[in-house]
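Worksheet for the structure shown next.
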Amino acid sequence: MALGLIRIESGLARGCLIAGIVLSAIFSAFFVKWCFANAVSPRAATKEVAELAELFGPNDPQTHYASAVLYEKTFGAEDLDHSLREFELATALSPNNYLLWLELGKARGRSGDLRGAERAFLRTLELAPNYADVQWAYGNFLLRDGRPDDGFSQIKTAVAGKPDYMASAVVTAMAFLENNPDSVRAFIGNTNLVNSALVKFAVSRKQFAEAAAAWDQIPPGEKLAGFSDVGKTLSNQLAEAKQFRLAVSVAASVWTNGGDGPSSAGRLFNGGFETAVKLKDSAMFDWQIGSGGDPQIGVSDEQKHSGSYSLYMIFNSMQSSDLRSVSQTIAVEPGRSYNFTAYCRADLKGSLAWEIVDAADGKVLGRTPSIQTFADWTGVAAGFTVPPGSDGVTVRLVRDGCSSPVCPISGKVWFDDIALSTPRTVGDLIS
């Protein structure tokens, strides 16, 4: 391609061209400096870098904002003053940016300029009246300023727009309202989300009765529909705290494992095995089957004492430590006596027994006679009394008549119609 030359004969034309080149160079240099400052300022890790960014971009609100954030992190008195000045400069350079006004309001509040902080928050509300972050920050400012009615009104609005704030709102409200859940509901609302957050707050402080009371505020149908994870966590926490009666009442409200579920103290769940037995990840108060391969465990419809199914096990083990655990924890009434009963058929070399232990400390409370070989369905039973300070027991299948590590057992056994009952009189307690 041929190149052509443009001849500029007049001095005026030459002057205009030179001026254009100079202006273009100046503009390019300014643009490069601005881009450099704007790119460097958010990544500034030291005050020196922040100052360099401001030098290259003195009229860029981003450089002043980044400098303000960096100086604020040192917590030095002089640096905090410098940070506040930088927030002021950033806001002056971008007066319609609500985020800058929001940060300015927080900075003024930290410095003790409460009236200046409120002016900044009000300007933020003018620019972004429907933003939950703005309402949240202003509400917390009003609380610190001694205006709880206005403060909680803003916080309530913020939570409605951004439910993620609910947990923090409840923590804040409990601190301001002397840990009174009823006052929290009065200020923020007696909603399911509020009560769910109150449950989590109480559990985190191991206030289990208060957690259960907050859980009871949520309507039964809505517990399972929207808050089952909260209920399951609460039930597990209550059980870990040895509060088994409270735990079973919560578990019953979010039960999804089939059947009627555990409903009250003294009721063993799925003792007839008409509901599927999970081999892992069972819910609290359901049958718990340990890991391992011996015994093999399943539900059988070939042999049953009543109903359609029974629990079937095949043993072939030499070591007592290899026995796969089978157990269920049950909420019970403190100080009350119970009878444990189970029906079984068995063809075993070796023997088993059902044992009842205190779920709080593992102390053995009762034990059935040995289970060896029963050609027909045979009942085994044991009576026990719950210690006054406990409200949970665990029934578990154990080896019987074997005290050494080497304890061979082989054969088959079926279990059905396992239950707890309350004797009518002391004389009815099975010994």
Side-chain angles (χ1 to χ4, degrees), residues 206 208-209 212 235-252 262-271 282-292 295 311 313 319-344 350-372 379-405 407 409 413 415 418-431:
K206 299 189 182 303
F208 299 112
S235 178
N236 290 335
Q237 292 278 353
L238 289 168
E240 288 177 10
K242 315 305 180 186
Q243 303 283 325
F244 295 103
R245 285 178 296 170
L246 283 176
V248 78
S249 67
V250 173
S263 57
S264 60
R267 183 174 182 270
L268 187 145
F269 173 68
N270 195 24
S282 293
M284 180 65 63
F285 304 110
D286 200 347
W287 287 108
Q288 306 295 316
I289 309 296
S291 59
L311 188 67
M313 303 182 190
Q319 304 290 330
S320 58
S321 60
D322 291 341
L323 184 66
R324 195 174 179 184
S325 62
V326 179
S327 65
Q328 184 176 142
T329 297
I330 308 156
V332 290
E333 297 290 342
R336 178 165 290 185
S337 295
Y338 293 89
N339 284 331
F340 170 85
T341 55
Y343 286 86
C344 55
S351 59
L352 303 167
W354 285 100
E355 196 171 64
I356 303 96
V357 301
D358 188 334
D361 59 16
K363 181 181 178 180
V364 177
L365 304 177
R367 188 184 181 101
T368 69
S370 294
I371 300 167
Q372 294 180 324
V380 293
F384 65 94
T385 299
V386 182
S390 178
D391 69 348
V393 297
T394 297
V395 298
R396 63 191 185 189
L397 189 65
V398 297
R399 287 300 316 271
D400 187 60
C402 182
S403 58
S404 67
C407 199
I409 183 172
V413 64
F415 290 105
I418 302 175
L420 284 187
S421 61
T422 305
R424 295 181 181 179
T425 67
V426 175
D428 293 330
L429 183 64
I430 299 171
S431 60

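In this chain, numbering begins with 1 at the start of the sequence shown. Just so it is clear, the model here is predicted, and its values are computed rather than measured.
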Rounded to the nearest 0.5 Å, how far apart are [atom1] of [X] and [atom2] of [Y]?
X	Y	atom1	atom2	value
Phe384	Lys363	CZ	NZ	13.5 Å
Thr368	Ile356	OG1	CD1	7.0 Å
Gln328	Leu420	CD	CG	8.5 Å
Arg267	Ile330	CZ	CD1	10.5 Å
Leu238	Phe208	CG	CZ	6.5 Å

Determine whether [X] and [Y] make a side-chain contact, defined as any pair of heavy atoms from C-beta on separated by less than 4.5 Å.
X	Y	result
Tyr338	Leu268	no
Leu397	Met313	yes
Leu311	Trp287	no

Which residues share a ring pair (Phe, Tyr, Trp, His ring centres under 6.0 Å) with Phe285, sequence neighbours left out | none
Sequence-distant partners of Tyr343, ring pair (Phe, Tyr, Trp, His ring centres under 6.0 Å), two or more places apart | His305
Quick one: list whatever passes side chain to side chain contact (heavy atoms under 4.5 Å, CB included) with [X], sequence neighbours left out.
X	result
Thr385	Ser337, Leu429
Ala359	Phe244, Thr329, Thr394
Leu323	Pro295, Phe315, Arg399
Ile289	Val277, Leu279, Ile297, Arg324, Val326

Mind checking side-chain hydrogen bond (donor to acceptor under 3.5 Å, both in side chains) for Ser351 and listing every partner two or more places apart, or none if nothing turns up?
-> none
So which heavy atom on [X] is nearest to which on [Y], and how close?
X	Y	result
Pro423	Asn339	CB-ND2, 3.9 Å
Val248	Ala265	CG1-N, 4.5 Å
Ala212	Leu246	CB-CD2, 3.8 Å
Ala381	Thr341	CB-CG2, 3.8 Å
Ala382	Gly366	CB-C, 4.4 Å
Val413	Cys344	CG2-CB, 4.5 Å

List the steps and the verdict of side chain to side chain contact (heavy atoms under 4.5 Å, CB included) for Glu333 and Arg245.
-> CA-CA 8 Å; Glu333 297 290 342; Arg245 285 178 296 170; 3.1 Å; yes
What pairs with [X] under salt bridge (Lys or Arg N to Asp or Glu O under 4.0 Å), at least two apart in sequence or on another chain?
X	result
Arg396	Glu355
Glu240	none
Asp400	Arg367

Okay, side chain of Gln372, backbone of Leu352: is any donor-acceptor separation there less than 3.5 Å?
-> no
